[in-house]
Amino acid sequence: MDYNFSEIERKWQQRWQDNETYAVTEKADSPKYYVLDMFPYPSGAGLHVGHPLGYIASDIIARYKRNRGFNVLHPMGYDSFGLPAEQYAIQTGQHPEITTQTNIARYRQQLDRIGFAYDWNREVRTSDSEYYQWTQWIFGQIFNAWFNKDANRAEHINTLVERFKANGTYGVNAAQDANWHENLPKEKFFFGSHFEGEFTATDWKSMNDEQQQLILMHYRLAYLADSVVNWCPALGTVLANDEIKDGVSERGGHPVEQKKMRQWSMRISAYAERLLQGLETIDWNESIKEVQRNWIGRSEGASVQFALDGHDAHIEVFTTRPDTIFGVSFMTLAPEHELVSRITTDEYRDSVNAYVEAAKLKTERDRQSEVKNISGQFTGAYALHPFTGDKIPVWIGDYVLAGYGTGAVMAVPCGDQRDYDFAKKFALPIPNIFRDTDISEKAEASKDAVLAQSHMLDGHSYKTAMPIIIAELEKVGVGKGKINYRMRDAVFSRQRYWGEPFPIYYEGEIPRLVSDDALPVELPEVDKYLPTESGEPPLARANAWRVGGHKPDFNTMPGWAGSSWYFLRYMDPRNSNAFADRSKIDYWNQVDLYMGGAEHATGHLLYSRFWTKILFDMGYIGFDEPFKKMINQGMILGRSNHVYRIMGTNRFVTAERKDEFETQQLYVDIHIVDNDVLDTEAFKKWLPEYADAEFILNEKGQYTCTYAIDKMSKRWFNVDNPDELCEKYGADTLRLYEMFLGPVEQSKPWDTKSINGVHNFLRKLWRLFHDHDNNFQISDESASKEELKTLHKTIKKITEDLDRYSWNTCVSGFMICVNELQDLKCSKREVLEPLLILLSPFSPHIAEELWEKLGNEHSITQATWPSFDESKMKDDSFDYPVSFNGKTRYFLPLGVELSGAEVEAAVRANEQTARYLEGKEIKKIIVVPKRIVNVVA
RNA sequence: GCCUAGGUGGCGGAAUUGGUAGACGCGCACGACUCAAAAUCGUGUGUCUUCGGGCGUGUGGGUUCGAUUCCCACCCUGGGUACCA
């Protein structure tokens, strides 16, 4: 064999490992570049060809930047806490640690074969206690923080305590739950019924430690609270909003119900505005930014209080259209709204209770699927219009969500379609407050509509009415302008085994933070990985487990805890004194290029931004956005093949004739199909049920399959794994081919049959360096003008394409270059040596091998990226396409130094011009030097 | 519905600032080498054609000497999201 890739790749992978070629340290005198891949969860299935796509692309950039003189940090690790290992443990009793180790070993083996430039000395695993010690430590920092809204940043809880000591709550503007004070256990405090969360310094000092801790818990950024959570009975745990898709759990698709539980939460809502603003400063793709914007869900409007008739209470609503307040004809509360039971009159109590119970039983999915079924129930209570004093009936309805705004709406049926439908269904009045607008069929939601019957707002539309009504609300004292965010705080406890334990112990009911020197709080051993019989989390099975002699917290942290800060740990992975040394964090700074899937838009990518902002506020890092630029690789889809079995028989008919029979379409393993032609003998051996299959073939005597593009999955038999391809074609070919498929961000089908194209390219390259008998042969003659032109054109192409992250066009650039050099029969060092450097980020093994054969002693990874010389690329003449009225008619070779006027003269003088003019007059001639000539006639 | 990315040969795709549409690769066809096959190499390959040329980048319009590229309207596909008040 001429190009013996298996030997070459084995040799260089070994040598890189022996020489620690990819180990990096901080170097003050060179610029840094941080290239990061989203670290994988090591699943049992191993890698398929879709996984390495992003890794290869980022590896190429890492190698390229290194050749360009950057000190490149390019690490890899494992997000190794997670459900699959735990579920496997539940089924088999095998410790998740074992499963995880086995899977990691397999991943590592697969990754190594592809020849990545990772600094494996920096590997991190989120399930290692030396890693999660610092996840716990960061949790402690968040626990010990509150959010000062005036400064728009987090501060240490001690600054709050100092303020309480000095002035009580006076002047404190903190991010907290609305009405937080109502959730304090009243029996433990001396506050009267008038208490609205304000207290004096004297009050504070008179509180005992337990009382103070109970108060502080309502300020902390990581806090324990009774909250309505998404409880997933099948998984036995609570889930965050982003872990639920279409009303069922993202993992497993199990139903999720609403349940009030005592849980840790993260006060991410405090950062809503900064998370939104920060998006403007980072170079991410617009659709991901948009998903985050929607998730944050900022909307401007007003909060308005409606007094309740006959009650010492009011309903607070948030509305984006306070200008339509004179169109309110009823109010709707979410069935879960806390006022419901209080205000319901005896007359309606039974039906209200029935409605509330029914709503409780519905899952999120049921509620969503019943969009068309409007339901609701009158409570018997009335609210009072803040301006007119009119009595407004109060209804409950499950189209109002407890989790958005205040869980109550002022219904303006003439201006909102849902309110309109509700009013129609229950025959409620629909007063029209728009001038010259017909609302007999549907609501008028346009912001341009002109208001009428609206007192001070008459004649205004939304834009001008807003400031007036907000000022009016404030004057009367029943409301104010407000910005509302959809984003809720993130539930942070999971009732699972395989996750980070909390660095928390309990003194009575009071949670206390474990001191730094007692970290990590290690995951205890348990006999089984299931929840206890009493429904407590699996950690409660560790009967003897104590933290600092006290009762520990039996919950674990969610999957996103460890992944929210791993990019920082890579900077200083073995530090046992800090999560990372500040000087190293300052050196490596933000991730310059982050590569990964777009599916983490509202999970990992939001939470790591959140944690980064907290760490920034607390003074541990010097930047508040983690990932400066991000590229999301598209999914690689599988190409699956089908065969057609004639119903009720074991006969298979070729695709051309399938319509002649009644057939059943079946998937067939793509490995026994070549170019859509089935290997019928292999098919018989593939599965026992096909052993005596018979075939109806086409005219050529072949069995043709049809194909489809599906996700890669074992059940479509269309999975290709990288190991097989490395075996068959080599890692360099695989790397090149994955890049050649198309733009990295685009989803595209995987089709193994075209891989031989890039494989042939590498063999052609090899032959440039070798004679017919595969002897290395290279010439030291100086290169010709043509050869230099090809080289410099290629340097320019590859450099510019890499700078704009266009990997696929680089590969065709290499092919063009090698084709040209082959035509020129070029085997000159002056040309081939720089070419190898250009190719080395893409196909490092063959590049190293040929580089060494050229007599270089150091690895090609240390070579300097060649620069291009425009003068070497210049042609003496250019073949001008001459077009007439935009249609190209003939070509005219002219000197490149000719001016526009000279080119025009040459075109006028050419005898072909007259022919294409067909007797018409030349009106104008447009000349773009070295591009085109257009004759306008 | 809304947001977002896209629509170019048989297939994957290229065309960076408005300047020769289809680079590069696959596939296909023919040829060379071979007893033969594989591999390799070479030639051709958008489409129609009366061989002059005509038509061609989802559709219809517009701007321009010139539009895959810019503008307007619409259609289709992928991804995301939704009783959000």
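Order of the sequence lines sets the chain letters (A, B, ...), proteins ahead of strands, with each chain counted from 1. Below, each value reflects all heavy atoms present in this structure, side chains not excepted, and no hydrogens, waters or symmetry copies.
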If a pair satisfies salt bridge (charged side-chain N to carboxylate O under 4.0 Å, His left out) and one of its residues is in [range], list it, with sequence neighbours excluded.
range                       : value
residues 412-423 of chain A : A/D416-A/R418
residues 924-937 of chain A : none
residues 596-606 of chain A : none

Name all residues meeting the side-chain contact (heavy atoms from CB on, under 4.5 Å) criterion together with [X]; count only those two or more places apart in sequence or in a different chain, and write none if there are none.
X      : answer
A/N632 : A/N285, A/I288, A/A598, A/M630
A/S269 : A/R267, A/D489
A/R486 : A/W295, A/Y404
A/N808 : A/P743, A/S806

For A/D803, check salt bridge (Lys or Arg N to Asp or Glu O under 4.0 Å) against everything at least two apart and list the hits.
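Once residues adjacent in sequence are excluded, A/D803 has no partner under the salt bridge (Lys or Arg N to Asp or Glu O under 4.0 Å) criterion.
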
Using the salt bridge (Lys or Arg N to Asp or Glu O under 4.0 Å) criterion, which residues pair with A/E911? Sequence neighbours excluded.
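Per chain and number, A/E911 pairs via salt bridge (Lys or Arg N to Asp or Glu O under 4.0 Å) with no residue.
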
Exercise for review: Please map the stems of RNA chain B, keeping only stretches of three or more Watson-Crick or G-U wobble pairs with both distances under 3.5 angstrom.
Suggested key: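 So far as stems of 3 or more pairs are concerned, RNA chain B shows B:1-7 with B:75-81, B:10-12 with B:24-26, B:27-32 with B:40-45, B:46-48 with B:53-55, B:58-62 with B:70-74.
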
Under 3.5 Å between N/O atoms: give me all the protein pairs with nucleotides 52-55 of chain B, atom names plus distance.
unit_1 : atom_1 : unit_2 : atom_2 : d
B/rG54 : OP1    : A/R889 : NH2    : 3.3
B/rG54 : OP2    : A/R889 : NH1    : 3.3

How far does the P atom of B/rC3 sit from the matching atom of B/rG9, given to the nearest Å?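 It comes out at 28 Å once rounded to the nearest Å.
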
Q.
Show the nearest heavy-atom pair for residues A/W750 and A/L734, with the distance to one decimal.
A.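 Closest approach of A/W750 to A/L734, heavy atoms only: CH2-CD1, 4.1 Å.
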
Point to revise | Sugar-phosphate, base or nothing in reach of A/V936, heavy atoms under 4.0 Å | key: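 Since only primed, P, OP1 and OP2 atoms lie under 4.0 Å of A/V936, the category is sugar-phosphate.
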
*Quick one: label A/R767 by what it contacts on the DNA or RNA (base, sugar-phosphate, nothing), any heavy atom closer than 4.0 Å.*
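Since only primed, P, OP1 and OP2 atoms lie under 4.0 Å of A/R767, the category is sugar-phosphate.
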
Once base and sugar-phosphate atoms are separated, protein heavy atoms under 4.0 Å mark nucleotides 13-31 of chain B, 5' to 3', with B, S and - as SSSB--BB--BBSSSS---

